[in-house]
Each structure stands twice: as C-alpha cells, then as structure tokens.
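So the structure is just underneath, and the comments pick up after that.
Treat the numbers as computed from the prediction; the structure is a model and nothing was measured. Count residues from 1 along the sequence. We count ligands from 1, going down the list as the structure has it; atoms in each ligand are counted the same way.
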Amino acid sequence: MEKKELIYEGKAKKVYSTENGNYLIVSYKDDATAFNGLKKGTISGKGVINNKMSNIMMKKLEAEGIPTHFVEELSDRDTLVKKVSIVPLEVIIRNISAGSFAKRYGVPEGIVFAEPTIEFSYKNDGLGDPLINEYHAKALSLATEDEIETIKKYSFRINKLLKNIWSSCGVTLVDFKLEFGRLPSGEIVLADEISPDTERLWDSETGEKLDKDRFRRDLGNVEEAYAEVMKRLSENS
Ligand code: ADP
Ligand code: UDP
C-alpha cells in the first residue's frame with residue numbers, strides 16, 4: 001500500500017492516509033523533542049531504529065496474544081498499521097523509580113518496586129499531558145470502565161513480556177509509555193510505538209542509560225545508545 005496524503009505530523013512520526021480507509025502509514029523521523037516540545041533536536045538514524053524496534057516488539061506481543069495495530073513493515077522508516085481512534089490516555093508503567101516519578105515524589109532514581117505501578121496522563125499537548133486518574137478519565141468520557149480495565153490488563157501483561165525480552169538482552173526495563181486505540185469494531189489494540197523514545201532502558205550490568213534520557217539530559221552518545229539496544233535486540237530475536 002502507498003502513502004496518499006499527510007494527515008498528521010507529530011513530534012516523532014508522520015502519519016499518512018492510504019487508499020484503504022482502515023489503514024495508515026506511519027513514517028518515523030529522526031526528530032527528537034523533550035520537556036513537552038521545549039527541547040528540540042535530531043537523533044541521526046533514530047527513525048530507522050524506532051521503526052524496526054517497535055515492529056519487532058509488536059510482533060512479539062501479538063504472538064503472546066496482545067492485539068496491536070501492526071500490519072507490515074514497508075521500508076526502513078515506514079510501517080503499515082491499522083487505523084485506530086486513539087484513546088487519549090498515555091499509559092505509563094514503572095518498575096523502577098525514574099524521571100517524573102522521582103521528581104514528583106522526591107525520591108532518588110533507581111528504587112526497584114516490589115510491584116509495577118500504572119499511571120495515566122491525559123494526552124493533550126496544550127495542557128502538557130497532565131496526570132489523570134481513572135475517575136477523571138471516565139468523567140471526561142476519554143474511555144469507558146471496560147476499556148480502562150482492558151488497557152490495564154494488557155499494559156501489565158506487556159510489561160511482563162517486555163521485561164523478559166529486554167532482560168535476555170542484558171537490559172533492564174525501567175518504565176515505558178503505551179497508547180491504545182479503538183478499531184471500528186470497538187476492539188482495543190496497542191498502537192503508537194515501543195522504542196527507546198518511549199521506554200527507559202538501563203544496561204543491566206552497569207546501569208548505563210540506553211534511551212532518550214541521553215538526549216533529554218545531554219549525556220552524549222545518544223545515537224550510540226539507540227544503536228546498542230537495537231543491536232542487542234536483533235541478536236536476541
Ligand atoms: P505526537 O503526536 O505525540 O507528537 P508522534 O510524532 O509519534 O507523536 O505522532 C504519531 C501520532 O499518531 C500520535 O498522535 C499517535 O497517537 C498517533 N497514532 C499512533 N498509532 C496510530 C494508529 N494506529 N492509528 C491512528 N493514530 C495513531
Ligand atoms: N514517556 C513518553 N512520552 C511522554 C512521556 C513519557 O514516551 O510524553 C515515557 C518516557 O520515555 C519514560 C516513561 O514514559 O520511559 C515515563 O516518563 P516520565 O513520566 O518519567 O516522564 P519524563 O521523565 O519523560 O518527563
């Protein structure tokens with residue numbers, strides 16, 4: 001299938017319509033942003049890595065019974081996906097304290113939780129993606145109770161699966177963000193991407209950060225970190 005019209009340009013991807021109204025083509029860019037778009041830059045080669053990595057992960061999750069939007073990788077940067085109506089909630093699962101969690105609650109990064117946590121942000125750039133709870137999400141009709149239950153169930157299962165995949169690559173999955181969408185049938189499926197842009201990944205031995213925090217915090221070797229996790233994943237799948 002081919003790109004018809006650019007329907008949306010986001011911070012990390014372009015989204016195109018196709019001749020079939022049920023499908024979209026997402027095209028991964030090298031553009032990087034952080035702090036709600038305040039910091040902007042380029043991570044050379046990121047689009048290719050995120051496209052490939054996200055597709056590997058979506059395929060692995062599908063094989064384990066998680067429905068996803070993935071259809072077919074079309075090229076280095078382009079993937080055919082099922083068009084969904086995105087549930088405007090960013091779902092964040094955490095295994096270890098880091099980032100905004102550490103800041104919000106005044107704790108150091110690196111506390112290993114006995115059980116994973118889940119939180120939701122209202123996906124709304126104008127408001128800066130504020131933290132939201134399930135009652136607020138229902139009150140704002142962002143999702144139904146059943147949809148929220150399904151999203152939670154899938155998210156914790158995805159965490160177990162991703163943790164195992166990364167662990168066999170010598171990588172610790174600290175936290176990550178997921179987005180879900182509705183197919184025309186109403187079925188909830190995993191959408192968007194799974195990549196070092198959306199996951200915190202630490203080397204299991206050294207604790208070295210191998211994700212977008214290298215860009216956010218100006219730690220250097222950003223491209224190298226993306227390439228390293230991609231290499232380890234390719235070698236282990
Ligand atoms: P952002 O919108 O946060 O800048 P991106 O640059 O990644 O993010 O843009 C991709 C957009 O496409 C996001 O808004 C995401 O919610 C949306 N999206 C991802 N997968 C699908 C899908 N299968 N159907 C429809 N929209 C999708
Ligand atoms: N995350 C994301 N998109 C967002 C916000 C967060 O992909 O808009 C990911 C982020 O990469 C990290 C996890 O979600 O893996 C938790 O992020 P956190 O809430 O700590 O926020 P941040 O430190 O990114 O502000």
Side-chain angles (χ1 to χ4, degrees), residues 6-18 21-40 46-47 50-51 54-55 58 67-72 77 79-105 107 109-110 116-132 155 159 162 166 171-184 187-202 209-217 225-226 229:
L6 177 68
I7 53 171
Y8 177 78
E9 174 152 13
K11 298 184 287 289
K13 300 190 283 300
K14 291 181 185 174
V15 181
Y16 296 88
S17 61
T18 66
N22 291 323
Y23 296 92
L24 296 173
I25 293 174
V26 290
S27 187
Y28 287 73
K29 307 190 287 181
D30 287 350
D31 298 353
T33 63
F35 314 119
N36 205 20
L38 240 55
K39 183 181 169 93
K40 288 193 176 71
K46 171 173 86 82
N50 286 5
N51 182 40
S54 195
N55 293 341
M58 296 264 177
T68 80
H69 73 164
F70 175 77
V71 180
E72 187 190 356
R77 289 178 186 271
T79 292
L80 185 67
V81 298
K82 292 175 192 163
K83 179 181 180 175
V84 299
S85 145
I86 292 284
V87 176
L89 293 172
E90 298 197 338
V91 184
I92 292 170
I93 298 278
R94 301 178 191 271
N95 297 303
I96 298 178
S97 66
S100 70
F101 181 98
K103 199 168 167 204
R104 190 183 321 131
Y105 301 120
V107 295
E109 296 200 311
T117 69
I118 190 164
E119 71 206 44
F120 301 100
S121 293
Y122 177 24
K123 194 173 150 61
N124 183 319
D125 277 338
L127 298 176
D129 297 342
L131 196 63
I132 190 169
S155 299
N159 183 44
L162 293 181
W166 281 123
V171 170
T172 301
L173 177 63
V174 174
D175 58 29
F176 58 96
K177 182 267 300 178
L178 300 173
E179 291 182 27
F180 292 87
R182 302 174 188 99
L183 292 176
E187 190 195 353
I188 292 283
V189 302
L190 178 65
D192 207 47
E193 68 176 279
I194 300 175
S195 72
D197 274 14
T198 64
E199 298 167 293
R200 280 198 172 89
L201 303 168
W202 293 355
K209 296 184 194 329
L210 299 171
D211 56 61
K212 195 169 145 188
D213 272 346
R214 300 207 74 84
F215 167 79
R216 293 191 190 97
R217 303 177 187 189
Y226 279 69
V229 279

Electrostatic pair Asp211:Arg200 at N-O distance under 4.0 angstrom: no
Side chains of Pro184 and Asn22 in contact at under 4.5 Å (non-hydrogen atoms): yes
Charged N-O contact under 4.0 Å between Lys13 and Glu179: no
Nearest-contact summary for atom 6 (C) of ligand 2 - protein heavy atom, Å: Ile92 CD1, 4.2 Å
Proximal atoms of ligand 2 relative to Arg200 (non-hydrogen, under 4.0 Å): 12 (C), 15 (O), 16 (C), 17 (O), 18 (P), 20 (O), 22 (P), 23 (O), 24 (O)
Under-4.0 Å heavy-atom contact with ligand 1, by part of Lys82 that carries it: backbone
Identity and distance of the protein heavy atom lying nearest atom 20 (N) of ligand 1: Asp192 N, 3.2 Å
Numbered atoms and elements of ligand 1 in range of Val81, under 4.0 angstrom, heavy atoms: 23 (N)
Asp192 vs Val26, side chain to side chain contact (heavy atoms under 4.5 Å, CB included): CA-CA, chis, key distance, verdict: CA-CA 9 Å; Asp192 207 47; Val26 290; over 6 Å; no
Lys39 atom NZ, over 12 foreign heavy atoms within 6.0 Å: yes
Within reach of ligand 1, part of Val15 (heavy-atom separation under 4.0 Å): side chain
Atom 22 (C) of ligand 1: nearest protein contact (heavy atom, Å): Val84 CG2, 3.5 Å
Lys123 near ligand 1 by a heavy-atom separation under 4.0 Å: yes
Atom NZ of Lys209 with >12 non-hydrogen neighbours under 6.0 angstrom: yes
Side chain, backbone, both or neither: the part of Lys11 lying under 4.0 Å from ligand 1 by heavy atom: both
Those atoms of ligand 1 less than 4.0 Å from some heavy atom in Leu24: 24 (N), 25 (C)
Where ligand 2 meets Lys177 - atom numbers and elements under 4.0 angstrom, heavy-atom basis: 1 (N), 2 (C), 3 (N), 7 (O), 9 (C), 14 (O)
Contact partition for Thr198 relative to ligand 2, non-hydrogen atoms under 4.0 Å: both
Side chain to side chain contact (heavy atoms under 4.5 Å, CB included) assessment of Met58 paired with His69: CA-CA 8 Å; Met58 296 264 177; His69 73 164; 3.8 Å; yes
Gap separating the NZ atom of Lys177 from the CG atom of Leu89, nearest 0.5 angstrom: 11.5 Å
Contacting atoms of ligand 1, where contact means under 4.0 angstrom from a heavy atom of Ala12: 5 (P), 6 (O)
Which residue and heavy atom of the protein sit nearest atom 10 (C) of ligand 1, plus the separation: Lys13 CE, 3.9 Å
Ligand-side contact atoms (ligand 2) for residue partner Glu90, heavy atom cut-off under 4.0 Å: 4 (C), 5 (C), 8 (O)
Sub-3.5 Å N/O-N/O distance, Glu119 and ligand 2: no
Option whose closest heavy atom lies nearest to atom 18 (N) of ligand 1, chosen from Asp125, Val71, Ile86, Val87: Ile86
Closest to atom 15 (O) of ligand 2 (judged by heavy-atom distance), picking from Asp129, Asp175, Val174: Asp175
N/O separation below 3.5 Å, Glu179 to ligand 1: yes
No-hydrogen, no-angle side-chain donor-acceptor test under 3.5 Å, Asn36 and Asp129: no
Those atoms of ligand 2 less than 4.0 Å from some heavy atom in Asp197: 7 (O), 11 (O)
Asn159 side, atom CG; Asn95 side, atom CG - distance, nearest 0.5 Å: 4.0 Å
For the student: nearest non-hydrogen atoms of Pro67 and Glu187, plus distance: CB-OE2, 3.5 Å
Under 4.0 Å to a heavy atom of Gly99 - the qualifying atoms of ligand 2, by number: 20 (O), 23 (O)
Within-shell test, Glu199 vs ligand 2, heavy atom, strictly < 4.0 Å: yes
Sub-4.0 Å heavy-atom approach of Arg94 to ligand 2: yes
For the student: nearest non-hydrogen atoms of Gly47 and Asp30, plus distance: N-OD1, 2.8 Å
Nearest non-hydrogen protein atom, atom 2 (O) of ligand 1: Tyr8 OH, 2.5 Å
Heavy atom of the protein closest to atom 21 (O) of ligand 2 (residue, atom name, distance): Ser100 OG, 3.6 Å
Those atoms of ligand 2 less than 4.0 Å from some heavy atom in Arg216: 10 (C), 11 (O), 24 (O)
Value rounded to 0.5 Å, distance of CD in Glu90 from CZ in Phe180: 12.5 Å
Nearest-0.5 Å distance, CG of residue Leu162 to CD1 of residue Ile93: 10.0 Å
side-chain hydrogen bond (donor to acceptor under 3.5 Å, both in side chains) evaluation trace for Asp197 with Tyr226: CA-CA 9 Å; Asp197 274 14; Tyr226 279 69; 2.5 Å; yes
